[in-house]
Amino acid sequence: MTRQPADHEIGALSSSQDAESKTFPLTDECHHYQLREDVPWDIQKYWEQRYSIFSMYDEGIYMTDDAWFGVTPEPVAVQVAKDLAESTPTSKTVVIDIFAGAGGNAIAFALSDRWSTVIAVEKNPSVIACAQHNAEIYGVSDRITWINDDCFSYLKKIKPYSSETVIFASPPWGGVNYSLDDVFNLKTMLPYSIKDIHSACKTMDSALYLPRTSDLKQIARLAPEGKKVEVVQYCMQGASKALVAYIPAAA
Ligand code: MGP
């Protein structure tokens with residue numbers, strides 16, 4: 001029988017007492033834009049899609065300007081949460097969103113009621129404050145353990161819990177120009193390459209949220225010996241937003 005990590009153990013795994021805290025205050029970098037003219041030009045396209053991103057936007061969703069680029073639209077986050085729940089053996093009860101951003105995925109994992117523990121790791125204090133605030137709006141903030149830390153250092157600390165843990169990773173793709181190449185090269189993804197991310201996660205089952213045009217040959221190489229990787233394209237209004245590669249843990 002597998003043992004679930006108790007809350008105090010997960011807390012003890014944060015890098016310092018300061019890294020994990022009950023409440024992260026919103027900062028000057030956190031905004032709830034109500035008028036188009038207040039929105040920086042480069043994120044106006046995303047602001048136009050605000051209700052697809054967070055259906056409860058008008059309840060007071062907060063984002064930093066950079067967080068708009070990487071947030072998973074709510075219908076996609078809900079479907080990913082459903083697919084991850086269904087494809088994971090019930091013995092695994094902890095899901096860790098290692099690039100939590102403004103919280104869209106962690107909120108969907110918490111709402112799915114599948115996991116005994118949902119952990120959201122985000123290194124930017126302003127961004128984690130937005131995520132926590134947004135999770136409050138969706139009524140699930142207290143069902144998420146918030147870790148303000150670099151995910152690579154955090155992952156080293158949770159190695160003893162690998163067998164009961166699933167990783168979800170929605171990393172930065174190196175900016176909005178990711179779509180300029182017909183095939184996106186995951187080796188040169190910035191600031192973390194696919195190798196950096198996979199090496200840190202490979203002892204656990206993982207789900208990687210990547211550009212829809214990602215090089216599938218590079219993803220196929222991540223399959224452990226004798227196991228398969230599944231790749232799912234997630235679409236809205238007939239167009240793919242991103243793909244998720246579901247990668248089993250290496251033996
Ligand atoms: P997009 O391709 O920038 O916009 O982002 P759109 O409107 O689908 O495409 P266009 O071709 O019509 O211009 C699409 C989705 O990709 C976003 O909603 C995010 O979920 C995701 N996404 C985009 N970027 C740049 C990132 C990123 O850097 N990291 C992560 N994790 N997701 C991203």
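Order of listing sets the numbers, starting from 1, for every ligand and every atom in it. In this text, all values refer to a predicted model and were calculated from it rather than measured experimentally.
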message = Is Ala242 close enough to touch ligand 1? Criterion: a residue heavy atom under 4.0 Å from a ligand atom.
response = no
ask   = Applying a strict 4.0 Å limit to heavy atoms, is Gly175 in contact with ligand 1?
value = yes
remark   = The protein heavy atom nearest to atom 11 (O) of ligand 1 is Arg212 NH2, 3.1 Å
inquiry  = Out of all atoms in ligand 1, which are within 4.0 Å of some heavy atom of Thr72? Include the element for each.
reply    = 20 (O)
message = Can you confirm, on distance only, whether ligand 1 has an N/O atom lying under 3.5 Å from any N/O atom belonging to Val71?
response = yes
task = Check whether the side chains of Gln79 and Asp83 place a donor and an acceptor atom closer than 3.5 Å, and report yes or no.
result = yes
task = Give the atoms of ligand 1, by number and element, whose distance to some non-hydrogen atom of Gln49 is under 4.0 Å.
result = 7 (O)
request  = Using only heavy-atom distances, determine whether the side chains of Asp58 and Tyr51 contain a donor-acceptor pair under 3.5 Å.
outcome  = yes
ask   = Backbone N or O of Phe24 within a donor-acceptor pair of the His133 side chain at under 3.5 Å?
value = no
ask   = Which heavy atom of the protein is the closest neighbour of atom 29 (N) of ligand 1, given with residue, atom name and distance?
value = Pro171 O, 2.9 Å
message = Can you classify the ring geometry of Tyr46 versus Phe69 as parallel (below 30°), tilted (30 to 60°) or perpendicular (above 60°)?
response = perpendicular
inquiry  = Looking at Arg36 and Glu48, is there a salt bridge between them, counting it only when a charged N and a carboxylate O are closer than 4.0 Å?
reply    = yes
request  = Check ligand 1 against Tyr46 and write out every atom of the ligand that is under 4.0 Å from a heavy-atom position of the residue.
outcome  = 1 (P), 3 (O)
ask   = How far is atom 15 (C) of ligand 1 from its nearest protein heavy atom, and which residue and atom name does that atom have?
value = Lys241 O, 3.7 Å
key: Ring-ring centroid check His32 Tyr57, cutoff 6.0 Å   = yes
task = Would you please say whether a donor-acceptor pair under 3.5 Å links the side chains of Glu29 and Asn124?
result = no
inquiry  = I need the atoms of ligand 1 closer than 4.0 Å to a non-hydrogen atom of Pro73, numbered in the order shown.
reply    = 18 (O), 20 (O)
task = Can you sort out which atoms of ligand 1 are near Ser170, meaning under 4.0 Å from one of its heavy atoms?
result = 30 (C), 31 (N)
message = Please determine whether any non-hydrogen atom of Lys45 lies less than 4.0 Å from an atom of ligand 1.
response = yes
request  = Determine, stepwise, if the pair Asn148 / Glu122 fulfils side chain to side chain contact (heavy atoms under 4.5 Å, CB included).
outcome  = CA-CA 5 Å; Asn148 182 207; Glu122 171 53 55; 5.6 Å; no
query = Is Pro172 close to ligand 1, meaning an N/O of one under 3.5 Å from an N/O of the other?
reply = no
inquiry  = If we only consider heavy atoms of Ser179, is any one of them less than 4.0 Å away from an atom in ligand 1?
reply    = no
ask   = For atom 20 (O) of ligand 1, what's the nearest protein heavy atom and its distance?
value = Tyr209 OH, 2.8 Å
query = Can you tell me if Glu74 and Ser55 form a side-chain donor-acceptor pair at under 3.5 Å?
reply = yes
Side chains of Thr213 and Asp182 in contact at under 4.5 Å (non-hydrogen atoms) = no
Side chains of Tyr33 and Asp65, donor plus acceptor under 3.5 Å = yes
remark   = Short version for Ala239: what comes under 4.0 Å of ligand 1, heavy atoms counted, is neither
request  = For Gln233 and Arg212, test the side chains for any donor-to-acceptor distance below 3.5 angstrom and give the result as yes or no.
outcome  = no
remark   = Looking only at protein heavy atoms, what sits closest to atom 23 (C) of ligand 1 is Phe69 O, 3.0 Å
query = Does Phe99 have a non-hydrogen atom less than 4.0 Å from ligand 1?
reply = no
key: Option of least heavy-atom distance to atom 32 (N) of ligand 1 (set: Trp173, Tyr178, Trp68)   = Trp173
